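Heads up, the thing below is written out as structure tokens.
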There are 2 protein chains.
Amino acid sequence: MGKDGAGMAKGKRAAGMAENRAKLIRAARAAFATQGYAAASMDELTASVGLTRGALYHSFEDKKGLLWAVVEQIDGEMAERLRAIREQAPTLWQGLLAEGCAYIEMALDPEIQRIMLLDGPAVLGDPSKWPGENACLDITMRTIRSLIEAGVVKPVDVEAAGRLLNGAALSAALWVAAADDPKEVLNKAVDAFRQLASGLLRQPV
Amino acid sequence: MGKDGAGMAKGKRAAGMAENRAKLIRAARAAFATQGYAAASMDELTASVGLTRGALYHSFEDKKGLLWAVVEQIDGEMAERLRAIREQAPTLWQGLLAEGCAYIEMALDPEIQRIMLLDGPAVLGDPSKWPGENACLDITMRTIRSLIEAGVVKPVDVEAAGRLLNGAALSAALWVAAADDPKEVLNKAVDAFRQLASGLLRQPV
DNA sequence: TCGTTCATATACGGTGCGTATGTGAGTTGT
DNA sequence: ACAACTCACATACGCACCGTATATGAACGA
């Protein structure tokens, strides 16, 4: 009874399924980002990639399950970008600031904004309990912990500081996204973010 | 032809309508807070106050219109509470901190959390463009402006600082609300909020 | 070759929204 | 005081959408 042993044998069919799964996720990212979760029709979505709702409900629990998959994917991508940015920064402190700014800029992407910041929390609940365990928050917290150990930052509660910083960046992003002149507002937002973050410093720069 | 001139004459009927409108809003606050906007059925909601959907669509544009009314009402109440808290504080700076803490605590209320922080932004879009012109943000900004004029706070962009502070408080609130031990987490959140806010000070305390 | 499994399509029921239409109470004009 | 009208609400309808139950057809194993 070739349950899972075959591997390559059933690989072709399995690959076909994974392929369609990926196609559905890609379509969902586009549909959720442009129309919003509630307004996105699963009929249209599946048809747009040449399938029907049957395929959807075979690969995912339900509409919410598809959103979970999308959120998980985007979360991973964001975390990867943040990690790269932090490692590029010359100092840990500049890394923290750069993370915050990058977060703000990322949230200008309609996909991230709509799915991760608006519909995601409303439909799936508190982001801190999401599948990837909120990779973005983890990264911020890791940076803050290092900064405390290095004596640069006051011994604050790491999770609290990380969450509030992320929250500040988030609302900044929503503000920038809705602005008439994003460039200018982005500068203001980044400035304010640095001011607030400097409150964590042991001694002012 | 008495179009609107009568006033008191049609007052009785108009009052009846306003009464039902208020009943619907009250029911909506409860339903939206407990079930969420999407899951709240307008049939059940109207029936719960002895009406039908006919009354709803006579008083409001649509389901979203009802949410607008609810949001407007809650926004006003929050603003009123914040105003009272700020006026009670001995100094402006303490007022700003107290506002932030009060905001966090208010967001523990499921009604505020679910409607104003989760479903509201997802369904109605960016809170900064809401009807009451975002009374809470206005209050924070007013306080910051006074603090800058008093020389206590650095000359930062008022709107930027206000938005980021609100955002920090918001995410703090969501964190506290989802915590197993709200009391303890609330303390951590408030601490972190003060640390961040102190970044705005011209000179450290 | 035949049966089994798996990925997907098709068919169905239920729910909920928005709208078009009906209705009775109250108001206006004469 | 009676007829015409308005208004607040109920009723009835169509439509879209989700989730599930069932059917199908291709690949794989024996």
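Residue numbers start from 1 in every chain, and the chains themselves are labelled A, B, ... in the order their sequence lines are given, proteins ahead of strands. Model, not experiment: these values are computed from the prediction.
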Atom pairs, protein N/O to nucleotides 19-22 of chain D N/O, distance under 3.5 Å:
{"unit_1": "dG19(D)", "atom_1": "OP2", "unit_2": "Y57(A)", "atom_2": "OH", "d": "2.2"}
{"unit_1": "dG19(D)", "atom_1": "OP2", "unit_2": "K63(A)", "atom_2": "N", "d": "3.3"}
{"unit_1": "dG19(D)", "atom_1": "N7", "unit_2": "R53(A)", "atom_2": "NH2", "d": "2.7"}
{"unit_1": "dG19(D)", "atom_1": "O6", "unit_2": "R53(A)", "atom_2": "NH2", "d": "2.1"}

(message) Is there a side-chain contact between H58(A) and the phosphate of dA7(C), meaning an N or O under 4.0 Å from OP1 or OP2?
(response)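 Checking H58(A) against dA7(C): at least one side-chain N or O falls below 4.0 Å of OP1 or OP2.
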
(request) Return yes if some donor-acceptor pair links the side-chain N/O of K129(A) with the main-chain N/O of L124(A) below 3.5 Å, else return no. (result)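 Between the backbone of L124(A) and the side chain of K129(A) there is no qualifying donor-acceptor contact (under 3.5 Å).
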
(request) Using the test salt bridge (charged side-chain N to carboxylate O under 4.0 Å, His left out), find all partners of R53(A) that sit at least two apart in sequence or belong to another chain. (result)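 By the salt bridge (charged side-chain N to carboxylate O under 4.0 Å, His left out) rule, R53(A) matches D43(A).
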
So, using side-chain hydrogen bond (donor to acceptor under 3.5 Å, both in side chains) as the criterion, who are the partners of [X] when residues are at least two apart?
| X | answer |
| --- | --- |
| R114(A) | D119(A) |
| K154(B) | Q195(A) |
| E77(A) | R29(A) |

(message) Test: side chain to side chain donor-acceptor pair (under 3.5 Å). Region: residues 165-175 of chain A. Which pairs qualify, not counting sequence neighbours?
(response)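 Counting only pairs at least two positions apart or across chains, the side chain to side chain donor-acceptor pair (under 3.5 Å) contacts touching residues 165-175 of chain A are T140(A)-N166(A), W175(A)-E159(B).
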
(request) With heavy atoms under 4.0 Å as the rule, sort G50(A) into base, sugar-phosphate or nothing. (result)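 Touches sugar-phosphate only.
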
(message) Please give me every residue in residues 34-41 of chain A whose heavy atoms get under 4.0 Å of an atom in DNA chain C, ordered by residue number.
(response)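 Residues of residues 34-41 of chain A under 4.0 Å from DNA chain C: none.
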
(request) Any ring pair (Phe, Tyr, Trp, His ring centres under 6.0 Å) involving residues 21-51 of chain A? Give me the pairs, sequence neighbours left out, ordered by first then second residue. (result)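 Pairs touching residues 21-51 of chain A that pass the test: F32(A)-Y37(A).
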
Output a table of donor-acceptor pairs, distance under 3.5 Å, between side-chain atoms of residues 95-109 of chain A and any protein atom two or more places apart or on a different chain; print 'none' if there are none.
{"unit_1": "E99(A)", "atom_1": "OE2", "unit_2": "T143(A)", "atom_2": "OG1", "d": "2.8"}
{"unit_1": "D109(A)", "atom_1": "OD1", "unit_2": "E111(A)", "atom_2": "N", "d": "3.0"}

Between [X] ([atom1]) and [N] ([atom2]), how many Å, whole number?
| X | N | atom1 | atom2 | result |
| --- | --- | --- | --- | --- |
| E19(A) | dA7(C) | CD | C1' | 13 Å |
| L45(A) | dC18(D) | CG | C1' | 13 Å |
| R21(A) | dT8(C) | CZ | C1' | 16 Å |
| L51(B) | dT11(D) | CG | C1' | 14 Å |
| F60(A) | dT8(C) | CZ | P | 11 Å |

(message) Using salt bridge (charged side-chain N to carboxylate O under 4.0 Å, His left out), reason through K188(B) and E184(B) one step at a time and then give a plain yes or no.
(response) CA-CA 7 Å; K188(B) 288 185 186 173; E184(B) 188 194 339; 3.7 Å; yes

(request) Please tell me which of S59(B) and D43(A) maps to the more 5' nucleotide of DNA chain D, matching each residue to the nucleotide holding its nearest heavy atom. (result)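 In this pair, the answer is S59(B).
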
